[in-house]
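Below, each value reflects all heavy atoms present in this structure, side chains not excepted, and no hydrogens, waters or symmetry copies. To find a chain, count down the sequence lines: A is the first, B the second, and so on, and within it residues start at 1. Owing to the predicted nature of the structure, the values given are computational and were not obtained by experimental measurement.
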There are 4 protein chains.
Amino acid sequence: MIIVMEDVSQHKDYMLDKLHQYGLEAHAVPDHEKLVISVCGEHVDRYANSISRMPGVLNVLLISTPYKLVSKQYKPDYSRIHINDLVFGDTAIPVVAGPCAVEGYTEFSEAAKIVKQSGAVMLRGGAFKPRTSPYSFQGLEIEGLKIMRKIADKLKMPIVTEITDQRKVEIVAEYADMLQIGARNMHNYVLLKEAAQSKKPILLKRGLAATIEEWLMAAEYIMLAGNDHLVLCERGIRTFETYTRNTLDLNAIPLIKQLSHLPVIVDPSHGTGDWRLVGAMAAASIAAGADGLMIEVHPAPEEAMSDGKQSLTPKSFYELMDKLKHIAFAIGRRIYSNG
Amino acid sequence: MIIVMEDVSQHKDYMLDKLHQYGLEAHAVPDHEKLVISVCGEHVDRYANSISRMPGVLNVLLISTPYKLVSKQYKPDYSRIHINDLVFGDTAIPVVAGPCAVEGYTEFSEAAKIVKQSGAVMLRGGAFKPRTSPYSFQGLEIEGLKIMRKIADKLKMPIVTEITDQRKVEIVAEYADMLQIGARNMHNYVLLKEAAQSKKPILLKRGLAATIEEWLMAAEYIMLAGNDHLVLCERGIRTFETYTRNTLDLNAIPLIKQLSHLPVIVDPSHGTGDWRLVGAMAAASIAAGADGLMIEVHPAPEEAMSDGKQSLTPKSFYELMDKLKHIAFAIGRRIYSNG
Amino acid sequence: MIIVMEDVSQHKDYMLDKLHQYGLEAHAVPDHEKLVISVCGEHVDRYANSISRMPGVLNVLLISTPYKLVSKQYKPDYSRIHINDLVFGDTAIPVVAGPCAVEGYTEFSEAAKIVKQSGAVMLRGGAFKPRTSPYSFQGLEIEGLKIMRKIADKLKMPIVTEITDQRKVEIVAEYADMLQIGARNMHNYVLLKEAAQSKKPILLKRGLAATIEEWLMAAEYIMLAGNDHLVLCERGIRTFETYTRNTLDLNAIPLIKQLSHLPVIVDPSHGTGDWRLVGAMAAASIAAGADGLMIEVHPAPEEAMSDGKQSLTPKSFYELMDKLKHIAFAIGRRIYSNG
Amino acid sequence: MIIVMEDVSQHKDYMLDKLHQYGLEAHAVPDHEKLVISVCGEHVDRYANSISRMPGVLNVLLISTPYKLVSKQYKPDYSRIHINDLVFGDTAIPVVAGPCAVEGYTEFSEAAKIVKQSGAVMLRGGAFKPRTSPYSFQGLEIEGLKIMRKIADKLKMPIVTEITDQRKVEIVAEYADMLQIGARNMHNYVLLKEAAQSKKPILLKRGLAATIEEWLMAAEYIMLAGNDHLVLCERGIRTFETYTRNTLDLNAIPLIKQLSHLPVIVDPSHGTGDWRLVGAMAAASIAAGADGLMIEVHPAPEEAMSDGKQSLTPKSFYELMDKLKHIAFAIGRRIYSNG
């Protein structure tokens, strides 16, 4: 159950006290000028009527799904998430692009200019890389953050980068415009809460083997920690198929649209692990209703320090952007453009 | 290795004799006016040079994949498969539609008219239904075939229906224009070969847990049995996700396009098991490059004898067809139309 | 619901007539001197009381699972399946062994003698091999059956072999003591019914991606066709893991024991695809409660025409049998022995 | 490649310098009185010969697997991991038991006494619980640690508990004898490194969808951070099967024994999620060669605050321990006992 009430401390105290008496568990989250209380417990719905008559209560919502704040039952209208001037969840669809890892100033600068020219409106790049092997390149860390920030400012594009360490949330938040929780950390609830508290917009990738429900529950952790600047990102799940690194699950897009008010974007680069499939799957994502794309582009993919196999060349990216514009138009949307 | 040669029995005998001497296994398949010999065995490629100089040899192709005849290495141009006037694999994209099971003359007739009005150009319907439970409706069988044929003739639309029993291939081939091998029978090699011998066009669905390679190997069985009228159909794979009945794997579309010359279509109805996702996934399929769609439509889904949950209403189907036209146009193709 | 009644045609006709009037679907199966009717339909349980008072009714069982005849609710005692003198489902645990494919008289004879000496009490061998690739060895077919029969008679061991073609059920049933439905055909319901009608004992392997429920539903097809000489065989499922060919799912053993009265055996050779894991998994199967094992043994695995990688050498098999005896003893059972 | 050398700083500096010149990446780990350097890079093996002749080099090992320090190629003998007096990896097999979460002093004390009486030699209990839902019980945290420590001291049993937060590694390490990395954090490389640095023995659970290789790579992170007190724990993987919460993958046991020198134990409680399967799978684990078990036992499972469905009652646990003794004996081992 969700209780929406005036954010008045006296009413809040009374309410929390009452809920405690009823044996219910309450989580209070300030939401702009209102107070939202997410309530769980046995037979919680029985109390709806009496709660609705308590002082300060604006609305009581019975929500049948295990996730509450992220559900469409709670917010029937789709959310729009702002990153500076950019919006995820609007008619216009932003494309985020850049290399997998930040490898140096020159390399990132070149990549950033290229993707901007082709129409990308936000930069991606990894400074802290969670790698399966301890022997793989782990990223330039703080140095990488600084490079990204400098170039982002120069090109006036916001930047998203992954956080992997809860103790570095603060420093990453200083440099980045949006914090990415990677697939491998989707179940890292400590990191989710820490990231949420930075108040920065969050990009929450789906875990390698996470069900849609678990993914939404991870999002609930973030909203419950008071951060509703949240965008979901489908990036492929683990299946028996071996020809692709992951199985990009586009079914997630219409499903999330049924279940949640949150925007959902797609990363076809990690999702397939094969640049030859990226274009088709990016196009399919837009057709399926995705609110954005995150695509790996590298000036020279064959020399990339990580994931070159899945990066587009500048030329392929340019051609893809053109195709995406037509598809977005076909479904009554458009690719977000800075110009 | 594939040897393409003149279809002259004397050359053929000589060649087969030689291959036998080399200890290689040869499968000869007539292909229009030529003879195609698919050759396997250890160090097969060593013999390419000497084979290429034997009498009647037009071409020798070294093929590195385990599937030979279905590979793009063998036929670099995409195949076009004709079903009467219809073509799969061309710029124009046919949409196949109809109810899951044929339930009676009136019901099927109504459904067929509805899908035709909305632009479907081929009918689907099950007369023999392979059901997980022996207690579920198993189809009207021969009676169902007759109903479909009658209505198909009336509306001048070709019809595809599933075969599940090798002994009934002949009778089904009498009534249907295309034979479907369902997901549950993709590994039923006896049925594959029997169906191939009917010389009817075949629609080969991907198995529930079949890798792309296994699917192409199943297609190889059919081509090796001398039938190259073959269309592949992605219909969802089994994963850990429980919110959808299957995980429709659209990655298969660009992958198949890389690996094979065969057309590939998509069945988003079985692929998702949920009518609310069908529209988005149909649109995504076209954007990803699918050569066709197969969609379940039922005049009254809530009363369907099987799979009502995944069937579109006539109205949803009509609206979807309109959307699909725009998407096909955006990628330089169009939805195949009879008019 | 299951109705157990006297097998008197007058009572049967009356009952079927009544069930039809109630709008219920009835499947009658003779079971020794009784008649068993499996009944489905909406609100079926409401009729239990009145049905129980109809003439000839011995018992009415309400069964909550989708599978009825194979459920423990129907038969609380575990079934014992006899193959000549052998029993599956008893305290003594039979071990079935032999090569993957029958390759010739001498080879099979040698393998058979070896496994007998080590304590195997039933032979396995493939005459019809369902292979992923049309280019792989497909078995000696009828010739293979004859070889197996001759050697089986000589060694006085019963034999199990796979059927893949419904038209060959009759001929295979002439030569084999037990018919195996392979993993690839578990969903081939036409074959299940045809095999059932042979009245031969059936070994039903679990499908590559079949849930426990689907596997039991496949077994229900066989029992509903009047054949209760049925043994289940776990042989590995398809998962994301790539170090093993399949993931042998031993959880299936205690689960089947909870849900069904049917014996369940394990095939660790196909289940793992790696001879180095066979011994440990065979031992684990016995400890988990399996009613039998089916193990591939080849006199010279490195020369096997199929699946040599997963076959034990005679020596490894001999050592394994010794280990298995100790484990069986530890859980109060024993390895079935002929001596 | 792994270089084993005398731990002399002058030799070390010379070696690291040389490796750098060769363009190779080197990770030095002190190992008792020796120095181990794990080396990666292109054509690394070419340098083996010249490296072997450098000062201080005791041994150079070429290792073909992506994991080096955890491989059997590096240490052909199985490792024994000591937790106080207890050893994992020896003939005697320790059983760890306790409730899922620590719920209070009385509850934990009662559970601990019960499992000790039945023969468990180490306690498990969760103070920090990573839960899919933010609304589920998250553990007693520090309070829980204190309770566990007190009771562990009283009963003279070591204790293992999960760490989920890198900032709490230090405090948990103060109270616990062994730190558990849970399945959800197996890919949390920051936590792996932090935990390793505590120098406490680590129990590394397999990730929900981690391949054997990824699991061993996670273990490599820990060993590379200088901690070789490491035990692996199989706890079920995610598959399509829905009758069990996870699919406990016992194939992992013989596989790990082929690939690594590290001990591997099994958690059949989380692995199946169903107490009715725990006994059979525990027995199977021992038969398959597991070096230990971790089992959930709760005095009153139906009242447990988390995972009651998978907890054994004291009586079931008592009976199981007896069964396990017999199975261990059958394979020439025994259940570790304090008495």
*chain C: which of B:Pro134, B:Ala225, B:Gly182 shares the most heavy-atom pairs with it under 4.5 Å?*
B:Pro134

*Under 4.5 Å heavy-atom distance to chain B, tell me which part of C:Ala210 shows up: side chain, backbone, both or neither.*
backbone

_Checking B:Tyr135 against C:Glu220: is there a side-chain donor and acceptor pair closer than 3.5 Å?_
yes

*Which region of B:Ala183, side chain (C-beta onward) or backbone (N, CA, C, O), has a non-hydrogen atom less than 4.5 Å from a non-hydrogen atom of chain C, or is it both or neither?*
neither

*asked:* Please determine whether the number of non-hydrogen atoms from other residues, nucleotides or ligands lying under 6.0 Å from atom CD of B:Glu42 exceeds 12.
replied: no

*Not counting sequence neighbours, list each pair that qualifies as a salt bridge (charged side-chain N to carboxylate O under 4.0 Å, His left out) and has a residue in residues 194-212 of chain C.*
B:Arg167-C:Glu194, C:Lys205-C:Asp267, C:Arg206-C:Glu234, C:Arg206-C:Asp249, C:Arg206-D:Glu241

*So which of C:Gln138, C:Arg238, C:Gln166 has the biggest tally of heavy-atom pairs under 4.5 Å with chain B?*
C:Gln166

_Just so I understand: if I count every heavy-atom pair under 4.5 Å between each of C:His27, C:Lys193, C:Glu213, C:Met186 and chain B, which residue has the most?_
C:His27

*Non-hydrogen atoms of chain B under 4.5 Å away: do they reach the side chain of C:Ser136, the backbone, both or neither?*
neither

*Could you grab the distance from atom CG of C:Leu191 to atom OG1 of B:Thr164, nearest 0.5 Å is fine?*
11.5 Å

*asked:* For B:His187, run the side-chain contact (heavy atoms from CB on, under 4.5 Å) check against C:Asn188, C:Leu208, C:Asn185 and tell me which one passes.
replied: C:Leu208

_With salt bridge (charged side-chain N to carboxylate O under 4.0 Å, His left out) as the criterion, how do B:Arg184 and C:Glu214 come out once you've worked through the C-alpha distance, each side chain's angles and the decisive distance to 0.1 Å?_
CA-CA 12 Å; B:Arg184 285 179 179 76; C:Glu214 290 170 335; 5.2 Å; no

*Examine whether an atom of C:Pro130 lies under 4.5 Å from a heavy atom of chain B, and if so say whether it belongs to the side chain, the backbone or both; otherwise answer neither.*
both

*asked:* With no hydrogens and no angle check, just 3.5 Å: does a side-chain donor-acceptor pair link C:Ser133 and B:Tyr221?
replied: no

